[in-house]
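Structure, as structure tokens:
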Number of protein chains: 2
Amino acid sequence: MRLPPFLTLTALEAAARHRSYSRAARELFVTHGAVSQQIRKLEDELGTKLFVRQGNAMVPTATGQRLAGHVTDALATLRAGVDEARLAANGPLVISSSAAFARGWLVTRLERLAREVDEPDLILRAEDRVADLTTDGVDIALRFGLGAWPGVEVATLMIERLFPVCSPDFLVRHPIREPRDLLDVPLLRHVGLPWSMWLTAMGVDEVPRQQGLGFEDTALMLDTAAHGVGVALARSGLAERDLREGRLVRPFADTMGGEVAVETGNHFVWRADSPKLARILKLRDWFLAETAGLRG
Amino acid sequence: MRLPPFLTLTALEAAARHRSYSRAARELFVTHGAVSQQIRKLEDELGTKLFVRQGNAMVPTATGQRLAGHVTDALATLRAGVDEARLAANGPLVISSSAAFARGWLVTRLERLAREVDEPDLILRAEDRVADLTTDGVDIALRFGLGAWPGVEVATLMIERLFPVCSPDFLVRHPIREPRDLLDVPLLRHVGLPWSMWLTAMGVDEVPRQQGLGFEDTALMLDTAAHGVGVALARSGLAERDLREGRLVRPFADTMGGEVAVETGNHFVWRADSPKLARILKLRDWFLAETAGLRG
DNA sequence: CCTAACTTGTGAGCCAGACTAACGACCCCA
DNA sequence: TGGGGTCGTTAGTCTGGCTCACAAGTTAGG
């Protein structure tokens with residue numbers, strides 16, 4: 001059978017709780033007349049009195065009290081559900097990024113991001129393991145890779161370029177003119193990014209004569225290079241800050257490009273079914289605009 | 001925080017259940033446009049999508065599904081509460097009466113009652129123990145007594161009168177002219193209504209010379225009298241039908257009144273806080289009209 | 001006892017919110 | 001490729017629930 005209007009039931013609930021139409025009306029931001037009318041109609045519909053007057057108080061009858069209790073429960077359920085949905089949509093927006101990318105590219109732009117994007121609750125999580133968007137409470141991942149992961153949406157921010165970097169004083173101590181000169185200096189290498197990729201592209205087929213340190217962490221490798229230990233093969237996105245701030249320099253950037261495009265890009269990754277989708281898309285658009293020149 | 005409009009939430013719930021705005025709209029007896037608008041507004045308010053299109057179906061997102069589940073629960077709670085209230089107010093109206101009164105007075109009027117009072121679900125419960133209006137599921141009790149019980153409302157229907165009755169053939173076999181003659185015939189007695197009450201009022205101070213049968217059940221006593229076993233002391237309300245239908249007669253009704261008013265009346269008893277109050281009052285008014293001449 | 005400040009009851013009239021209608025776009029299936 | 005289904009969106013209508021205003025009853029204090 002048809003349910004009475006919901007507003008009517010909430011009026012009953014508030015009135016039963018307050019034992020007063022007037023106080024219920026104040027809680028509901030209506031006049032006492034509205035509450036009175038609602039309850040009168042409900043009593044007519046149910047065919048029974050729900051309140052009896054006791055002096056200036058309106059006390060619910062047993063029937064009214066029981067019904068009000070049910071309505072209280074239902075309201076709590078609704079409130080819990082809506083709060084949960086609101087939290088899902090309005091809770092913090094978590095971005096997961098590698099420590100290297102966070103340190104090398106992101107942090108220098110965070111201030112402008114905060115200024116230009118209306119996003120009140122952004123959390124940056126720097127972690128080197130690859131976060132799982134479905135289970136780790138992460139809304140956005142900034143990932144290196146081919147840009148094809150199952151079940152997620154991907155926007156490519158930048159195509160990575162590779163070039164050697166070292167500290168300025170290292171460059172003074174070791175005069176490097178052309179790619180071939182690198183074969184005789186300490187080469188810092190990342191386990192996922194062999195020097196041969198770059199040397200081959202530069203037309204150097206020989207193998208380095210010095211076995212340098214190996215790293216699993218790009219940020220640490222660049223830090224080491226900045227301390228004058230050797231030459232590292234850097235990705236454009238990660239070294240940008242160190243270059244700009246002078247901790248690293250590019251050996252023969254003036255004489256030749258010294259860069260080689262690699263297939264891997266830097267991607268902005270999210271789930272299309274995220275409850276925070278609208279906020280994610282605003283952020284994505286900002287990132288795409290920010291990296292507009294880096295995808296050629 | 002403020003709850004979204006309830007209609008909006010029910011639209012969400014129905015749409016999630018049907019995986020279709022159109023089917024939801026049909027269930028809610030509105031157009032698909034109404035559902036579409038409601039859900040669009042809710043998505044705006046929560047800041048997240050609640051449905052995604054899949055071909056011709058609208059499937060709820062995880063957030064939409066969870067919220068819909070909560071709304072389903074809340075609706076079930078509301079429905080249960082309202083049904084309970086409706087049942088309390090519209091369930092069967094139970095009248096408890098003694099078997100004697102039911103048989104002797106009530107049954108002959110039930111047909112007219114059914115015709116004249118709009119009461120679709122009346123249950124007559126004949127039981128000799130005194131029903132408890134608060135716990136026995138009884139809405140109305142027809143009780144003999146002083147008419148003062150705690151916590152209940154009372155309307156007095158009739159003032160009882162006492163008079164002797166016997167079967168017509170008994171009267172032929174035992175010529176009874178005056179009250180004193182009863183001292184020599186078998187007197188059937190009810191345990192709660194001694195003959196002395198009536199004899200004393202008639203100016204007869206002697207005790208009956210024959211000890212007759214004793215009864216706890218008035219109806220059984222009158223039945224026994226109707227079979228010619230003896231003379232019973234009857235209450236007006238209970239013997240009326242047997243008198244009218246000729247099974248019992250009043251020995252000296254023609255020569256003298258032969259009646260004596262007793263204090264106990266026959267009352268219509270109910271609880272003022274009954275959820276069925278409106279129906280009870282209609283019935284009370286009918287009973288009062290029916291017994292209008294019996295309270296002098 | 002009177003008054004002031006409460007309370008609820010009730011009816012007239014107004015307004016926002018929810019609806020319908022109607023059109024367009026898309027999807028699916030025969 | 002067309003027909004029957006879906007949803008999106010807008011403009012315009014209507015009605016349920018509101019406010020307002022007044023009446024009447026209750027309480028508490030001087």
Side-chain angles (χ1 to χ4, degrees), chain A residues 2-46 48-61 64-65 68 71 75 78 82 272-273 277-278, chain B residues 2-46 48-61 64-65 68 71 75 78 82 272-273 277-278:
Chain A
R2 198 189 108 264
L3 219 50
F6 185 66
L7 284 178
T8 301
L9 295 175
T10 57
L12 163 80
E13 194 271 342
R17 197 155 25 77
H18 287 294
R19 302 172 96 79
S20 157
Y21 287 4
S22 292
R23 282 196 293 278
R26 280 194 285 275
E27 174 180 312
L28 300 172
F29 299 106
V30 296
T31 59
H32 76 90
V35 174
S36 174
Q37 285 180 50
Q38 295 282 13
I39 293 180
R40 190 151 24 109
K41 270 195 300 185
L42 186 57
E43 289 180 336
D44 288 350
E45 174 168 342
L46 296 180
T48 186
K49 286 204 72 59
L50 297 170
F51 288 87
V52 292
R53 228 190 153 107
Q54 276 185 12
N56 258 359
M58 300 299 286
V59 309
T61 61
Q65 186 69 62
V71 177
L75 278 171
L78 287 180
V82 171
D273 59 357
L277 188 62
Chain B
R2 196 188 111 265
L3 220 49
F6 185 65
L7 283 178
T8 301
L9 295 174
T10 56
L12 163 79
E13 193 270 343
R17 197 154 26 78
H18 287 293
R19 302 172 94 80
S20 159
Y21 289 4
S22 293
R23 283 196 292 278
R26 281 195 285 277
E27 174 179 312
L28 300 171
F29 299 106
V30 296
T31 59
H32 77 91
V35 173
S36 175
Q37 284 181 51
Q38 295 283 13
I39 293 179
R40 187 152 25 108
K41 269 194 302 184
L42 186 57
E43 288 180 337
D44 289 350
E45 174 169 343
L46 296 180
T48 185
K49 286 204 72 58
L50 298 170
F51 287 87
V52 292
R53 233 193 148 104
Q54 274 186 12
N56 259 356
M58 299 300 285
V59 308
T61 62
Q65 187 68 61
V71 177
L75 278 171
L78 287 180
V82 171
D273 59 358
L277 188 62

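All chains are named by letter (A, B, ...) in the order of the sequence lines, taking the proteins before the strands, and each is independently numbered beginning at 1.
- Going from atom CG of A:Leu42 over to atom OG1 of A:Thr48 covers 10.0 Å, rounded to the nearest 0.5 Å.
- Whole-Å rounding puts the A:Leu7 CG to D:dG16 C1' distance at 9 Å.
- Look at A:Gln38 and you'll find a side-chain N or O under 4.0 angstrom from OP1 or OP2 of D:dC18.
- The CD-P distance, from A:Gln37 to C:dG11, rounds to 9 Å in whole Å.
- Residues of residues 14-30 of chain A having a heavy atom closer than 4.0 Å to DNA chain D, listed by number: A:Phe29, A:Val30.
- Two residues, B:Val35 and A:Ala34, neighbour DNA chain C, and the one matched to the more 5' nucleotide by heavy-atom proximity is A:Ala34.
- With rounding to whole Å, A:Met58 atom CE is found 14 Å from D:dA24 atom C1'.
- Of all heavy-atom pairs between A:Thr10 and A:Leu7, the closest is OG1-O, 2.7 Å.
- Of all non-hydrogen atoms in A:Ala272 and A:Leu277, the two that sit nearest each other are O-CD2, 3.4 Å.
- The side chain of B:Ser36 contributes no N or O atom lying less than 4.0 Å from OP1 or OP2 of D:dC7.
- Summarising the geometry, atom CZ belonging to B:Arg40 is positioned 10.0 Å from atom NZ belonging to B:Lys49; distances are rounded to the nearest 0.5 Å.
- For the helix from C:dC1-D:dG30 to C:dA30-D:dT1, the terminal axes (five pairs an end, C1' atoms, rotation from four pairs onto the next four) enclose an angle of 30°, given to 10 degrees.
- Shown here for A:Ile39 and A:Ala15, the closest heavy-atom pair between the two residues is CD1-CB, 3.6 Å.
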Go through the steps to decide whether B:Leu3 and A:Leu75 satisfy the test side chain to side chain contact (heavy atoms under 4.5 Å, CB included), and finish with yes or no.
-> CA-CA 9 Å; B:Leu3 220 49; A:Leu75 278 171; 3.9 Å; yes
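- Listed by chain and residue number, A:Gln38 satisfy the side-chain hydrogen bond (donor to acceptor under 3.5 Å, both in side chains) test with A:Thr8 (two or more places apart in sequence, or in another chain).
- Between A:Glu43 atom CD and C:dT8 atom C1' there is a gap of 12 Å when expressed in whole angstrom units.
- If you take CD1 of A:Ile39 and C1' of D:dC18, they are 15 Å apart, rounded to a whole angstrom.
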Pairs under 3.5 angstrom, nitrogen or oxygen only, protein versus nucleotides 24-30 of chain C, please.
none

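- Here salt bridge (Lys or Arg N to Asp or Glu O under 4.0 Å) pairs that include residues 8-25 of chain A, with residues two or more places apart or in two chains, are A:Glu13-A:Arg17, A:Arg17-A:Glu27.
- Taking side-chain N and O atoms only, B:Arg40 has no distance below 4.0 Å to OP1 or OP2 of D:dG8.
- Here the closest heavy-atom approach between residue B:Ala11 and residue B:Leu28 is recorded as CA-CD1, 3.9 Å.
- At C:dT20, one or more side-chain N or O atoms of B:Thr31 fall inside 4.0 Å of OP1 or OP2 (strictly under the cut-off).
- The ring pair (Phe, Tyr, Trp, His ring centres under 6.0 Å) pairs that include a residue from residues 2-21 of chain A are A:Phe6-B:Phe6, A:Tyr21-A:Phe51, where partners are two or more places apart or lie in different chains.
- Of the candidate nucleotides D:dG17, D:dC18, D:dG8, D:dG17 has the atom nearest to the side chain of A:Lys41.
- Judged purely by atom type and a 3.5 angstrom limit, B:Gln65 has no side-chain atom pairing as donor or acceptor with the backbone of B:Pro60.
- Taking CG of A:Leu12 as the reference point, atom NZ of A:Lys41 lies at 13.5 Å (rounded to 0.5 Å).
- Distance, B:Glu45 CD to C:dG17 P: 12 Å, rounded to whole Å.
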